[in-house]
Every structure is written in structure tokens, then in C-alpha cells.
Novice: 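Just passing along the structure, written as C-alpha cells.
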Amino acid sequence: MKATILSVGDELVLGQTVDTNSAWISQQLAAVGCDVAAHATVPDDLDAIRRAVARFAGECDFLIVSGGIGPTEDDLTRQALAAVMATPLELNETWLARLHEFFDKLGRPMPETNKVQAMIPRGARMIENTNGTAAGIDATLGVAASGHPRECRVFVMPGVPKEMKAMFTRDVLPHVSARTGGAVILSRTLHTFGMGESWVAENLGPQMMRGRNPSVGTTVSHGIVSLRINARYPSRDEAQRELDAATRACEAALGDLIYGADNVTLAAVVAGLLAPARKTVATAESCTGGLLAKMLTDVPGSSDYFTQGWVTYSNLAKHERLGVSTEMLNVYGAVSEPVVTAMARNARRLAKTDYALSISGVAGPGGGSAAKPVGTVCIALASQLKPDLRGDARYFDSAVTARTFTFPGDREMVRDRSAKMALTMLRFHLLGKPLPF
């Protein structure tokens, strides 16, 4: 079974409103084994909607339409569907009575313009709207695709997400599920950070071959390279079994570069390693301006492991707040491994934490040099040394690992990747493993 999702609205075409309906509908269809052939968006234009309905109805088994069935003159989806069906709109007396009842409860007369929301094409069926005034439409179109006749079931729903979701779940999804016969598409997303998409794809090898089931594809967002695994099978048990097998194969190929799955964040993974071990961390940041601390504290329960942070943007702040010597700053510069080493070591000492992370870099767009171009970032991790043989409780020196990275992109990208790399350094340390890059 194959579906197309059609969204209607000038605000969507112009980018004034983000189309979240299509993404949600796709997820629901996948859960019952229905492939989505395309997402399409058209403006509030009668001819544009009519052409889109006629075209997509000839290419799929289900056409799911949202938007354009309100009470105003720019709501034209019902008229466009009637034009494709070559049939007039008819007043549905049942829904008209519901509309009057709705407005009676509000204590005001129904505007004449709302009457159109009870109009549906002759031969179509009304879908009840339990959360609004626009009746949905259920129609079957007999169309010719490549010279061969086929039927397409068309469902028209409101664009308001709350109304659409209730209507889709109750009156649309069961029809689709009945046609797919219990088939499902199960998905999982694995996340990596630190290596590029081409490296990840190369190391996945045959897992990414086209035509495989489950399929594996890669996407990139904010420096995170994600693996999207989709398993299409006749039954949920089979799909789950094959999805798990594909996941294990990807994990074997990439190892600890994979930090988590689905909606988990890198900071949440680090938190999951710190909190159970009752370990604490502090931060000392320059170019990231507190972004690393924000990521760590975005996780609920962060007070269990995060104690405090410093944003020492200027050299004076690095000296006065973190005790970095002016001689070191003058000799090596603020963006250097000796400086971030001192920042991390002193932050850990002052905060009395198990770990401290420090960052200093050139985020851009200006400030770079031939020796230290924009994107140059130094990051350090300070951790506890083993207690000295005397067992002196006052002993609080640190082992420090410092690295210099060159991150591509604009100011926002450099800052974001810097904070994520600091988290990655701490994650691998907590795993007891060296960075794999």
C-alpha cells in the first residue's frame, strides 16, 4: 500500500507555518505498514489543489489531505475535490445540525459562512469532527494510472493539528491498517558524533546497500550523523526481529561512535554515565559562552552531577576567576592547550568535582589568524589522579587531556560542535576508552 500526503495552505507554501501534520501522519502510516510516496504542499488555490488531487490520486492507494476546509473564501479543498469527482457539493443536513448545536452552546447565532463546512461532494462520506466545526471527507476516486484503472481512497481533514489527529486516528488509520493486513514499518535512529557522514557510510559497508530490508540511510543535523533504520515486514514480530538484527550489525560496525538511539541527546547519555556513578563535573568556557553548561543542565536531574560553571570570555576573567597566569596567556594565547589545561585543572580544584571541562576557541566570523584560523578550538578534560601513597585527603591535583580541533561552519556551528566535542571527550573517558578520532 502506498500513500501521498497533501497539505493545503498559503501559510505553508510561504514558510510562515511549519507543516508538522505531514511528519506526524507519515509516522502513523509507517506503524501500519503503509509506505509514503511523497509529501506535497499547495497554496489556497482552487486549480492548484484540483491538479494535485487528480495527479496524486492516480499514483497511490491513499491520498491524505489536510487543510483548506475552513469557513472562509480561501478554503477551497472541498470544491477542488468535487471538481475532480465531477460532482456538485451537497449539504449534509446531519452536520449542519451539529454546527447549529455548536454555536447554540456558545450562545450566538451561526455565521452564514460556516454553512459551507457542512458541504461535501456528492457520493462522498462525511467524517465527524469531534474537536471543531469542519466535517472531514471520505471519497473513493476511480482513476487511470498509466492506462490501467485503479482506485484511490481520499481522506480530507482539517489543518488544525488537534482536529486532524483525532480524526485521522479514529476514522482514517483503521481503513489503512485493514488494507495493509497487519504489515508494519518499524524504525530506529542511531546517533554518532565525531566523524563525517562519508566515513560513517564507508564503515557501515553492505548495511547501506540500496534495496536492502531493513534499509539503512544517513542524515546529518548539527554535527550529529544519524543512521535511520527502517524495517518493512508483513508482521510486527518479524519487523522487530529484523530491526534488532540490523541495529546490532550497525553497532558492530561503528562501535562506541554510536552514543544513543532515537530521541536521546549526547548530554543525556553523559548524564546517564555520571549520575549512577555519583560523579560530578564543572565547566570553564570561553568561546561557547556557557553553551556546554546549558547542554549539561538541559537534562532533568542535572543537579546530581553538575555543580557550577565559569564563563571566562576575556583574558582578565581567565586570570582573575580561574587563576590562569598572565604569562601563560601572553606566551601561548587564550586559544591554546596550555591555557585550557590550566582552566580545566583550576576549575576542578575550585569546584571540588570529579571532572572539569574547558573550552577556548575562535568561533568567528572574525578573530582568526594564519596560525589559528576561525574554527580552531582547544578543549581540555581534567579528571582525578589516583590518591598519593600517603593518602593525603588534601591532595587535589588533576590528570588533564587537552586537544585542538578545527571545526567547519559559521559561529553557531563552531560553538555547537565545540560543546558536543567536550561532552564526547568526557563520554569516552567515562567509558574508559580513548577518543577514536
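Positions are given from 1 along the sequence.
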Novice: When the ring centroid of Phe62 is compared with that of His175, is the distance short of 6.0 Å?
Specialist: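 They do not qualify: ring centres at least 6.0 Å apart.
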Novice: Is a donor on one side and an acceptor on the other found under 3.5 Å between the side chain of Lys318 and the backbone of Thr312?
Specialist: yes
Novice: Stepwise, does the side-chain contact (heavy atoms from CB on, under 4.5 Å) test hold for Leu426 with Leu357?
Specialist: CA-CA 8 Å; Leu426 179 55; Leu357 290 164; 4.0 Å; yes
Novice: Side-chain contact, heavy-atom cut-off 4.5 Å: Leu292 with Ile359?
Specialist: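 A side-chain contact exists here, since the closest heavy-atom pair is under 4.5 Å.
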Novice: Between atom NZ of Lys372 and atom SG of Cys378, what is the distance when rounded to the nearest 0.5 Å?
Specialist: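 Going from the NZ atom of Lys372 to the SG atom of Cys378 covers 6.5 Å.
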Novice: Please list, chain by chain and in numerical order, all residues satisfying side chain to side chain donor-acceptor pair (under 3.5 Å) with Glu202, sequence neighbours excluded.
Specialist: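 Result, side chain to side chain donor-acceptor pair (under 3.5 Å) vs Glu202: none returned.
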Novice: side-chain hydrogen bond (donor to acceptor under 3.5 Å, both in side chains), that's the test. Do Thr133 and Gln117 meet it? Break it down for me.
Specialist: CA-CA 7 Å; Thr133 58; Gln117 294 186 295; 2.8 Å; yes
Novice: Give, for atom CG of Leu291 and atom CD of Glu285, the distance between the pair rounded to the nearest 0.5 Å.
Specialist: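 These two atoms lie 7.0 Å from each other.
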Novice: Which residue is it: Thr192, Leu204, Val200? I am looking for the one with a side-chain contact (heavy atoms from CB on, under 4.5 Å) to Cys250.
Specialist: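 Per the side-chain contact (heavy atoms from CB on, under 4.5 Å) rule, the option paired with Cys250 is Leu204, out of Thr192, Leu204, Val200.
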Novice: Can you confirm whether Glu112 is buried at CD, in the sense that more than 12 heavy atoms of other residues, nucleotides or ligands lie under 6.0 Å from that atom?
Specialist: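 Open: at most 12 neighbouring heavy atoms sit under 6.0 Å from CD of Glu112.
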Novice: Do Asp298 and Thr265 have side chains that get closer than 4.5 Å, going by heavy atoms?
Specialist: no
Novice: Give me the atom names and distance for the closest heavy-atom approach of Leu430 to Tyr355.
Specialist: CD2-OH, 3.5 Å
Novice: Taking the side chain as everything from C-beta on, heavy atoms only, tell me whether Phe405 gets closer than 4.5 Å to Ser418.
Specialist: no
Novice: Can you find a pair of side-chain heavy atoms, one from Val374 and one from Pro365, that are under 4.5 Å apart?
Specialist: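 No, side chains not in contact.
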Novice: Does one side chain, of Glu197 or Thr218, offer a donor that lies under 3.5 Å from an acceptor on the other?
Specialist: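 The criterion, which ignores hydrogens and geometry beyond distance, is satisfied for Thr218 and Glu197.
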Novice: Check the pair Thr404, Thr376 against side-chain contact (heavy atoms from CB on, under 4.5 Å), reporting the backbone distance first and the verdict last.
Specialist: CA-CA 7 Å; Thr404 300; Thr376 302; 4.0 Å; yes
Novice: Show the nearest heavy-atom pair for residues Ser360 and Ala334, with the distance to one decimal.
Specialist: OG-O, 2.9 Å
Novice: Please report the C-alpha distance between Ile379 and Met425 in whole Å, then the side-chain angles of each, then the deciding distance to 0.1 Å, and finally whether the side-chain contact (heavy atoms from CB on, under 4.5 Å) criterion is met.
Specialist: CA-CA 9 Å; Ile379 304 174; Met425 288 176 64; 3.5 Å; yes
Novice: Is a side-chain donor or acceptor of Asp138 paired with a backbone partner of Arg125 at a separation under 3.5 angstrom?
Specialist: no
Novice: Checking Asn131 against Glu163: is there a side-chain donor and acceptor pair closer than 3.5 Å?
Specialist: no
Novice: Looking at Gly364, is its backbone amide N or carbonyl O close enough to the side chain of Arg411 to form a donor-acceptor pair, meaning the two atoms are under 3.5 Å apart?
Specialist: yes
Novice: Are side-chain heavy atoms of Lys165 and Met157 found at a separation under 4.5 Å?
Specialist: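 Heavy-atom side-chain distance check fails, nothing below 4.5 Å.
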Novice: Please check if the side chain of Ser215 supplies one atom and the backbone of Arg212 the other of a donor-acceptor pair under 3.5 Å.
Specialist: no
Novice: Is the backbone N or O of Leu296 less than 3.5 Å from a side-chain atom of Tyr305, with the two atoms forming a donor-acceptor pair by type?
Specialist: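 Here the side-chain-to-backbone pair exists.
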Novice: Please report the shortest heavy-atom distance between Ile127 and Met167, naming the atom on each side.
Specialist: CG2-CG, 3.3 Å
Novice: For the pair Asn129 (side chain) and Ala134 (backbone), establish whether a donor and an acceptor sit closer than 3.5 Å, ignoring hydrogens and angles.
Specialist: yes
Novice: Do the non-hydrogen side-chain atoms of Ile224 and Lys420 ever get within less than 4.5 Å of each other?
Specialist: yes
Novice: Look only at the side chain of Thr77 and the backbone of Gly67, and say whether a donor-acceptor pair between them is shorter than 3.5 Å.
Specialist: yes
Novice: Examine distances only and state if a side-chain atom of Thr169 and a backbone atom of Ala166 form a donor-acceptor pair shorter than 3.5 Å.
Specialist: no
Novice: Please tell me if the side chains of Ser26 and Ile5 come closer than 4.5 Å, counting only heavy atoms from C-beta onward.
Specialist: yes
Novice: Heavy atoms, side chains only, cut-off 4.5 Å: are Arg228 and Val216 in contact?
Specialist: no
Novice: Distance check, rounded to the nearest 0.5 Å: His39 atom NE2 versus Ile64 atom CD1?
Specialist: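 His39 NE2 to Ile64 CD1: 10.5 Å, rounded to 0.5 Å.
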Novice: Calculate, to the nearest 0.5 Å, the distance between atoms CD1 and CE belonging to Ile69 and Met164 respectively.
Specialist: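 Interatomic distance, Ile69 CD1 to Met164 CE, rounded to 0.5 Å: 11.5 Å.
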Novice: Assess, by modelled atom type and distance only, whether the side chains of Gln240 and Asp237 contain a donor and an acceptor separated by less than 3.5 Å.
Specialist: no
Novice: For Asp61 and Arg153, what are the C-alpha separation, side-chain angles and deciding distance, and is it a salt bridge (charged side-chain N to carboxylate O under 4.0 Å, His left out)?
Specialist: CA-CA 6 Å; Asp61 303 290; Arg153 190 84 172 263; over 6 Å; no
Novice: Centroid separation under 6.0 Å, is that true for the rings of Trp199 and Phe437?
Specialist: no
Novice: Please report the closest heavy-atom contact between Ala419 and Thr288, naming both atoms and the distance.
Specialist: N-CG2, 4.2 Å
Novice: For Ala356, is there any backbone N or O sitting under 3.5 Å from a side-chain donor or acceptor partner on Thr353?
Specialist: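 Not confirmed, Thr353 side chain does not pair with Ala356 backbone.
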Novice: In Å, rounded to the nearest 0.5 Å, how long is the span from CZ of Phe306 to OG1 of Thr283?
Specialist: 4.0 Å
Novice: By the salt bridge (Lys or Arg N to Asp or Glu O under 4.0 Å) test, which pairs, at least two apart or in different chains, include something from residues 74-93?
Specialist: Glu90-Arg122
Novice: Decide if atom CG of Asp262 counts as having more than 12 heavy atoms of other residues, nucleotides or ligands within a radius under 6.0 Å.
Specialist: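 Atom CG in Asp262 is packed in, count exceeds 12.
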Novice: Grab the two heavy atoms, one from Leu29 and one from Ala3, that are nearest each other, plus how far apart they are.
Specialist: CD1-CB, 3.9 Å
Novice: Test side-chain contact (heavy atoms from CB on, under 4.5 Å) on Thr424 and Leu435 and set out the steps.
Specialist: CA-CA 8 Å; Thr424 299; Leu435 277 177; 3.9 Å; yes
Novice: So among Thr17, Asp19, Thr41, which one has a side chain to side chain donor-acceptor pair (under 3.5 Å) with Ser7?
Specialist: Asp19
Novice: Closest approach of Trp95 and Ala135, non-hydrogen atoms and distance?
Specialist: NE1-N, 3.5 Å
Novice: Okay, side chain of His191, backbone of Ile258: is any donor-acceptor separation there less than 3.5 Å?
Specialist: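 No, because the side chain of His191 does not come within donor-acceptor range (under 3.5 Å) of the backbone of Ile258.
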Novice: Assess the residue pair Arg248 and Asp244 against the criterion (salt bridge (charged side-chain N to carboxylate O under 4.0 Å, His left out)); give the C-alpha distance rounded to whole Å, side-chain angles, the decisive distance to 0.1 Å, and a yes or no.
Specialist: CA-CA 6 Å; Arg248 289 192 295 270; Asp244 291 341; 5.1 Å; no
Novice: First locate atom NE2 of His429, then atom CG of Asp354, and finally report the distance between them rounded to the nearest 0.5 Å.
Specialist: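 Here the interatomic distance stands at 9.5 Å.
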Novice: Under the salt bridge (charged side-chain N to carboxylate O under 4.0 Å, His left out) criterion, do Glu128 and Arg170 qualify, and how do the steps go?
Specialist: CA-CA 10 Å; Glu128 184 180 6; Arg170 186 191 65 242; 5.0 Å; no
